[in-house]
Amino acid sequence: MMELGVYTDPLVLAVVFNFYEAVKNLLESGRYDNNLTVDITNGWFGSPIPVYYISRCWEICLGHEFKEPFNQIVKKNYENARHILSLFGKKGIQVKDIPFSEISPACWAFEDESDEEILRGKKKEFISLSIREVDLDLYIAVHKMDFKRAKGLLNQGANPLYKHFDENTSLLDLCGDECCYQATHLAAELIREPDLFINSIDYDEIGNIFRWAANELMWNLLESYRVKNKVQGRNYGKTEI
């Protein structure tokens with residue numbers, strides 16, 4: 001599906017730009033019946049990326065309100081993404097949870113980074129500074145986009161507003177700021193100005209969509225616990241923000 005590093009395949013392009021009618025016609029043609037689970041990145045992202053993952057990412061990214069006039073563009077693309085997912089469903093494709101922790105552009109940490117490298121120091125040294133281990137582990141989980149691990153740690157009382165050592169940005173803001181950046185500068189440009197990008201979609205543009213979706217989901221998870229903890233009046237002690 002790739003040629004000279006730029007996507008030229010009609011189905012990939014139609015899905016990226018949420019062109020519902022084009023996707024519908026291509027799927028009904030039967031041309032892609034044996035290729036719907038093919039990795040469109042040729043292993044570049046680590047985990048296989050079938051084309052329908054993109055529609056699920058758009059559904060995640062665009063499923064809330066934005067400022068006008070962008071909001072009108074979002075609504076159309078959001079509905080089209082959902083309809084496109086239904087088309088894949090009719091082909092027997094059931095979109096499960098995307099394994100963001102295995103998709104390199106979605107993560108803050110590189111695949112081969114150790115926990116010590118992510119923390120930029122030994123865990124025991126931070127603990128000696130009265131930083132809670134559960135917050136250090138949450139920091140690692142968020143950077144790896146490990147949702148199962150992050151949720152478990154939050155249930156144990158990890159702080160969604162944790163700021164690591166000498167950093168000024170909380171985990172919640174880390175994800176939220178990335179969502180804003182993608183929505184105003186990177187991934188969202190694909191749906192703002194499709195004519196400018198339709199002949200230049202490459203790995204980077206696809207990666208931005210996954211990065212936005214992963215951070216959107218992680219922000220939602222962290223924010224849900226921030227609200228819950230505020231209601232419960234939870235005190236985090238040393239690492240409380």
- prompt: Using 4.0 Å as the upper bound for N to carboxylate O, is an ion pair formed by K163 and D173?
  reply: no
message: Could you work out, with ring-ring contact (aromatic ring centres under 6.0 Å, His included) as the rule, every residue matching F88, not counting sequence neighbours?
response: Y52
task: Tell me whether F70 is reachable from Y78 by hopping between hydrophobic residues (I, L, V, M, F, W, Y) whose side-chain heavy atoms are closer than 4.5 Å.
output: yes
message: I'd like to know whether CG of N168 has more than 12 heavy-atom contacts from other residues, nucleotides or ligands below 6.0 angstrom.
response: no
Considering all heavy atoms, the nearest N229-A158 contact: ND2-O, 4.4 Å
- line: salt bridge (charged side-chain N to carboxylate O under 4.0 Å, His left out) pairs touching residues 104-116, sequence neighbours excluded, are D115-K144, E116-K122
- request: State the CZ-CG distance between R132 and L138, to the nearest 0.5 angstrom.
  value: 9.5 Å
Which side-chain N or O atoms in residues 92-107 pair as donor and acceptor under 3.5 Å with protein atoms at least two apart or in another chain?
none

message: Test: side chain to side chain donor-acceptor pair (under 3.5 Å). Region: residues 187-200. Which pairs qualify, not counting sequence neighbours?
response: E189-R192
task: State the CG-CG distance between L172 and N220, to the nearest 0.5 angstrom.
output: 10.0 Å
field: Minimal non-hydrogen separation, D146 against M218, with atom names
entry: N-CE, 4.3 Å
query: Looking at residues at least two apart in the chain, or sitting in another chain, which of them share a side-chain hydrogen bond (donor to acceptor under 3.5 Å, both in side chains) with D177?
result: none
- request: Identify the two heavy atoms, one from N215 and one from C175, that lie closest to each other, and give their separation to 0.1 Å.
  value: OD1-CA, 3.5 Å
message: If hydrophobic clusters are built from ILVMFWY residues whose side chains come within less than 4.5 Å, do M145 and F110 share one?
response: no
- prompt: Going by heavy atoms in the side chains, are I131 and Y162 under 4.5 Å from each other?
  reply: yes
field: Partner set under side-chain hydrogen bond (donor to acceptor under 3.5 Å, both in side chains) for E167, not counting sequence neighbours
entry: R120, Y139
- prompt: Who passes side-chain hydrogen bond (donor to acceptor under 3.5 Å, both in side chains) against E178, sequence neighbours left out?
  reply: Q182, R211
- prompt: Of all residues at least two apart in sequence or in a different chain, which pass the side-chain contact (heavy atoms from CB on, under 4.5 Å) check with E205?
  reply: L190, I201, D202
field: Considering all heavy atoms, the nearest N159-L171 contact
entry: O-CD1, 4.4 Å
message: Measuring from atom CG of N208 to atom CG of D204, what distance do you get when rounded to the nearest 0.5 angstrom?
response: 6.5 Å
message: Testing the basics here: between H164 and L136, what is the closest heavy-atom pair and its distance to 0.1 Å?
response: CE1-CD2, 3.7 Å
field: Results of side-chain hydrogen bond (donor to acceptor under 3.5 Å, both in side chains) for R31 - residues two or more places apart only
entry: none
message: Restricting to side-chain contact (heavy atoms from CB on, under 4.5 Å), what partner residues turn up for E68, sequence neighbours left out?
response: N71, Q72
message: Hydrogens and angles aside, do D39 and W44 bring a side-chain donor and acceptor to less than 3.5 Å of each other?
response: no
- prompt: Is I84 close to W58 at the side-chain level, that is, under 4.5 Å between some pair of heavy atoms?
  reply: no
message: Could you see if F165 belongs to whatever hydrophobic cluster contains L119? Use Ile, Leu, Val, Met, Phe, Trp, Tyr and a side-chain cutoff under 4.5 Å.
response: yes
field: Where Y225 and K151 come nearest, the two heavy atoms and their spacing
entry: OH-CG, 3.7 Å
- request: Give the C-alpha distance, both sets of side-chain angles, the deciding distance and a yes or no for side-chain contact (heavy atoms from CB on, under 4.5 Å) between K75 and E65.
  value: CA-CA 8 Å; K75 287 182 177 179; E65 293 294 313; 3.9 Å; yes
statement: Taken to the nearest 0.5 Å, the spacing of L161 CG from T169 OG1 works out to 12.0 Å
Could you pull out every donor-acceptor pair under 3.5 Å between side chains of residues 13-25 and any protein atom, sequence neighbours left out?
residue, atom, partner, partner atom, Å
N18, ND2, N77, OD1, 3.0
K24, NZ, E28, OE2, 3.0
N25, ND2, E21, O, 3.3

statement: Going by chain and number, the hydrophobic cluster around Y181 (ILVMFWY, side chain to side chain under 4.5 Å) further includes L186
- prompt: Atom CD in E133, atom CD1 in I127: separation rounded to 0.5 Å?
  reply: 4.0 Å
